[in-house]
Amino acid sequence: MAQLVGALTTSHVPAIGRAIAKNLQQDPYWRPFFDGWPPVHRWLADVKPEVVVMVYNDHGLNFFLDKLPTFAVGAAPEYRNADEGWGIPQLPPFTGEQGLSWHLIEHLVGHDFDITSCQEMVVDHAFTLPMALMFPSQAWPVKVVPVAINTVQFPLPSARRCYALGQAIGDAVRAWPGDARVLVVGTGGLSHQLDGQRAGFINKDFDLAFMESLIAEPRWATQFSSHELVEKAGTQGVELLMWLAARATLGERASCVHRNYHIPISNTASGLMVMAPAA
Ligand code: DHB
Ligand code: FE
């Protein structure tokens, strides 16, 4: 059966795309952010994932407000990036792992998750930038399966439901025939609010408590409704639901391989964690 090698969670701010394109990794503004990544590169070289299941939220590139599935799984042979209007370079296409896509869709629907399956899908910065951060050569060494969770238009799925989705994704990966090495990535957050009266809102205490909880007490955030999460983490900080789903794939106990937290990148508290299944 396939092996789930770990879960990696990271912010996905579009400005990262510009910093990469302009080689600003050593710039004083960007350094504390990019310095979080070399330990991740060493870990990736060690665990050698072959497939990435990317849990992220689309921001209006593939789904718009007219049709917005709560949970969607990609089942395309290839996923292309496209212009979102941020003025950042588009990244090379990603090869889909259609075998795992359909296995995942079958498993999730079979366990009562109502999934939208997408045989064509474009992927936005929430997918592409974490890939570019993990694999700076942009010669992607992995095949991919996108899993999109709606955090854009209310009503949002609850933290409890996202945790359950993550558990089911983990079970599906571990039951996938073959011996592929699979990494689950969750992108978004941490606290940020891009609009309204609280634009610029960041909540360091909550972010650090949330990161800590992923190791010490992974269900901690499921006590909060999505409105409470917006209150604590901001209208876009609720993207931390992706972190919760990714963490839940590992089961009850997990160890922290690496973490980084830095305020701010653009308008966002940037967080990075690598977690491994408990031995
Ligand atoms: C920013 C953060 C996001 O998560 C996003 O999707 C877009 C922009 C920002 O802080 O600029
Ligand atoms: Fe976002």
Side-chain angles (χ1 to χ4, degrees), residues 8-22 24 27 29-34 36-37 54-65 68-72 74 79 81-91 121-134 146-154 156-157 159 162 185-204 206-207 210-211 221 226 229-246 260-273:
L8 184 157
T9 51
T10 176
S11 307
H12 63 216
V13 177
I16 298 165
R18 191 171 310 112
I20 292 173
K22 295 193 166 171
L24 296 178
D27 179 273
Y29 178 86
W30 284 102
R31 210 178 155 157
F33 171 79
F34 281 100
W37 284 87
M54 181 69 76
V55 183
Y56 73 109
N57 62 298
D58 182 89
H59 299 70
L61 182 69
N62 190 71
F63 305 117
F64 201 60
L65 303 182
L68 195 39
T70 299
F71 298 132
Y79 304 92
N81 186 206
D83 185 5
E84 297 175 68
W86 298 107
I88 58 177
Q90 286 166 47
L91 298 188
M121 206 174 185
V122 282
V123 289
D124 77 0
H125 67 277
F127 184 112
T128 61
L129 296 178
M131 286 292 286
L133 288 165
M134 288 188 291
V147 176
I149 299 180
N150 167 36
T151 53
V152 170
Q153 176 164 262
F154 276 76
L156 311 185
C162 292
V185 178
T187 93
L190 289 174
S191 61
H192 64 300
Q193 171 141 349
L194 303 178
D195 44 21
Q197 284 186 345
R198 283 205 313 172
F201 175 78
I202 280 178
N203 185 348
K204 180 178 178 180
F206 178 77
D207 288 339
F210 174 65
M211 288 174 80
S226 33
L229 288 174
V230 165
E231 213 166 35
K232 290 176 189 308
T235 42
Q236 282 74 34
V238 73
E239 291 174 342
L240 61 80
L241 290 174
M242 262 60 72
W243 286 49
L244 200 57
N260 190 50
Y261 182 80
H262 173 66
I263 296 174
I265 288 300
S266 183
N267 295 300
T268 298
S270 80
L272 168 65
M273 271 179 98

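In each ligand, atom 1 is the first atom listed, and ligand 1 is the first ligand listed.
Judged purely by distance below 3.5 Å, without hydrogens or angles, the side chains of D207 and S191 pair a donor atom with an acceptor atom. In summary, the side chains of N267 and H192 do not present any donor paired with an acceptor at a separation below 3.5 Å, with no hydrogens or angles considered.
Listed by chain and number, residues touching ligand 1 at under 4.0 Å (heavy atoms only) are H12, V13, P14, H59, W86, H125, H192, L194, E239, S266, N267, T268.
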F154/S226 under side-chain contact (heavy atoms from CB on, under 4.5 Å): CA gap, chis, key distance, verdict:
CA-CA 9 Å; F154 276 76; S226 33; 4.2 Å; yes
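When distances from the Fe ion (ligand 2) to the N, O or S atoms of E239 are compared, OE2 comes out shortest.
For H59, the nearest N, O or S atom to the Fe ion (ligand 2) falls under 2.8 Å. For a distance bound of 2.8 Å, the N, O or S atoms of H125 include none lying that close to the Fe ion (ligand 2).
Formation of a donor-acceptor pair under 3.5 Å by the H59 side chain with backbone atoms of N57 is found in this model.
Note that OG1 of T128 is 15.0 Å distant from OH of Y79, once rounded to the nearest 0.5 Å. Taken to the nearest 0.5 Å, the CG atom of L156 stands 10.5 Å off from the CD1 atom of I149.
Side-chain contact check for W37 versus M134: some heavy-atom pair is nearer than 4.5 Å.
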